[in-house]
Amino acid sequence: MSTIAPHGLHHVTAIASDPQRNVDFYTRVLGLRLVKQTVNFDAPDTYHLYYGDARGAPSTLLTFFPWRGVPAGRQGSGLATATAFSVPPESMGWWQRHLTGAGLVLDGPRTRDGEEVLTLRDPDGMVIDIVAAPGDTRSGWDGVAGVPAEHAVRGLHSVTMSERLPDATAEMLLGVLGMHLQGEDGDRARFAMAGGGAGAVVDVAADARPRGLQAGGTVHHIAFRAPDQETQARWRRELVEAGLRVTGIVDRQYFTSIYFHEPGGVLLEIATDQPGFAIDEPLLELGRSLKLPPWLEPSREQIARALPPLHVDAPATP
């Protein structure tokens with residue numbers, strides 16, 4: 001019997017174009033904290049930017065590869081087509097005013113799966129949902145954006161995968177990844193990890209459109225949480241035994257990862273909760289300067305020259 005049972009979402013990684021524009025939007029408009037400024041370990045001439053709560057806790061993280069000059073992607077089947085963040089239900093009016101004041105065009109709010117949802121697009125066209133989620137006790141981040149703590153984003157809520165053959169994806173989520181069906185709403189099915197709720201939800205939507213194009217403004221992959229490396233290694237063996245092609249365990253400095261595809265083509269990852277983002281800089285200084293893993297440190301000067309300058313606002317002091 002499979003023991004695979006992710007604790008929830010770990011992070012979502014997406015593709016952007018201009019890194020400074022990306023930082024400005026996610027820190028100043030959405031009020032997330034830039035918790036790590038590093039590079040794509042597989043292509044170190046490009047930043048890898050991590051946003052989350054005050055400490056970059058798993059289930060709060062949205063990360064980006066900002067490839068300058070990347071063409072715009074195209075929404076369609078076989079992609080993760082929306083990334084949702086959780087806010088307190090009483091904060092939806094505040095967020096509607098705040099986002100409209102920032103010049104964004106909003107869709108909603110509307111009710112979906114019994115929750116109020118507000119939809120917007122980031123500067124690269126990536127779809128972001130703001131979801132009113134009762135009972136989310138995560139504290140969020142109230143750093144540089146002037147977002148009052150009581151309204152701050154709590155973390156990831158869910159991610160939506162659009163599929164031409166949703167039953168095949170559902171079979172993997174249920175039978176291999178240990179999720180359970182939480183409900184259905186029209187052409188959408190909701191799958192939950194652990195107890196479900198904000199940060200532990202995957203929505204699968206039936207989508208007859210042609211296959212999407214993964215490029216600027218689209219999600220690159222979705223990562224789920226494993227508590228530790230021992231559990232991750234056991235889950236990897238079980239995924240291989242289930243017939244999946246799974247990478248070896250990859251050191252991402254702040255966690256270790258394995259990767260595989262679901263039947264519709266979305267790249268999935270299982271990432272460990274530890275060691276976390278304070279492994280190479282103090283908690284109060286997260287995201288302020290470029291950090292490299294030990295194996296890239298000898299090339300720091302060359303890597304830094306290839307990256308555009310990046311301005312990060314300092315958190316306001318009381």
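We're numbering straight along the sequence, starting at 1.
Shown here are the salt bridge (charged side-chain N to carboxylate O under 4.0 Å, His left out) partners of Glu115, two or more places apart in sequence or in another chain: Arg190. Considering only residues two or more places apart in sequence or on other chains, Asp187 meets the salt bridge (charged side-chain N to carboxylate O under 4.0 Å, His left out) condition with none of them. Listed by chain and residue number, Glu297 satisfy the salt bridge (charged side-chain N to carboxylate O under 4.0 Å, His left out) test with Arg300 (two or more places apart in sequence, or in another chain).
Think of Leu213 as one node in a network of Ile, Leu, Val, Met, Phe, Trp and Tyr side chains linked at under 4.5 Å; it has no links at all. Val117 forms part of a hydrophobic cluster together with Val131, judged by ILVMFWY side-chain heavy-atom separations under 4.5 Å. In the hydrophobic clustering, Val127 connects to no other residue, as no ILVMFWY side-chain heavy atoms lie under 4.5 Å from its own. Alongside Ile15, the hydrophobic cluster contains Phe65, Trp67, Val70 (criterion: ILVMFWY side chains under 4.5 Å).
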Subject >> Trace of the side-chain hydrogen bond (donor to acceptor under 3.5 Å, both in side chains) decision for His221 with Thr13 >> reply: CA-CA 5 Å; His221 64 266; Thr13 293; 3.3 Å; yes
Subject >> side chain to side chain contact (heavy atoms under 4.5 Å, CB included) between Thr169 and Leu173, intermediate numbers included >> reply: CA-CA 6 Å; Thr169 298; Leu173 299 182; 4.3 Å; yes
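Within a 6.0 Å radius of CD in Gln302, no more than 12 heavy atoms belonging to other residues, nucleotides or ligands are found.
Ion pairing between a basic and an acidic side chain is recognised when a charged N comes within 4.0 Å of a carboxylate O; Lys36 and Glu281 show such pairing. Ionic pairing of Glu184 and Arg188 is not present here: no N-O contact between side-chain nitrogen and carboxylate oxygen is shorter than 4.0 angstrom. Salt-bridge annotation for Arg28 and Asp313: present, with a side-chain N of the basic residue lying under 4.0 Å from a carboxylate O of the acidic one.
Counting only residues at least two apart or on different chains, the side chain to side chain donor-acceptor pair (under 3.5 Å) pairs with a member in residues 97-110 are Arg110-Thr119. Residue pairs meeting the salt bridge (charged side-chain N to carboxylate O under 4.0 Å, His left out) criterion with at least one partner in residues 217-231, sequence neighbours excluded, are Arg225-Asp273. Within the structure, ring pair (Phe, Tyr, Trp, His ring centres under 6.0 Å) contacts touching residues 145-195 (residues at least two apart or in different chains) are Trp94-His151. Annotation: ring pair (Phe, Tyr, Trp, His ring centres under 6.0 Å) contacts involving residues 273-308, sequence neighbours excluded, comprise Phe41-Trp295, Tyr50-Phe277, Tyr254-Phe277.
Remark: of the listed residues His220, His11, Arg252, His10, His11 is the sole one forming a side chain to side chain donor-acceptor pair (under 3.5 Å) with Glu269. When each of Tyr47, Tyr26, Phe25 is tested with Phe64 by the rule ring pair (Phe, Tyr, Trp, His ring centres under 6.0 Å), just one qualifies, namely Tyr26.
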Show me the side-chain donor-acceptor pairs of residues 77-90 shorter than 3.5 Å, one per line, residues at least two apart or across chains.
| unit_1 | atom_1 | unit_2 | atom_2 | d |
| --- | --- | --- | --- | --- |
| Ser77 | OG | Arg209 | O | 3.0 |
| Thr81 | OG1 | Ser162 | OG | 2.7 |
| Ser86 | OG | Asp136 | OD2 | 2.7 |

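Using modelled atom types, no side-chain atom of Asp45 and backbone atom of Ala306 make a donor-acceptor pair closer than 3.5 Å.
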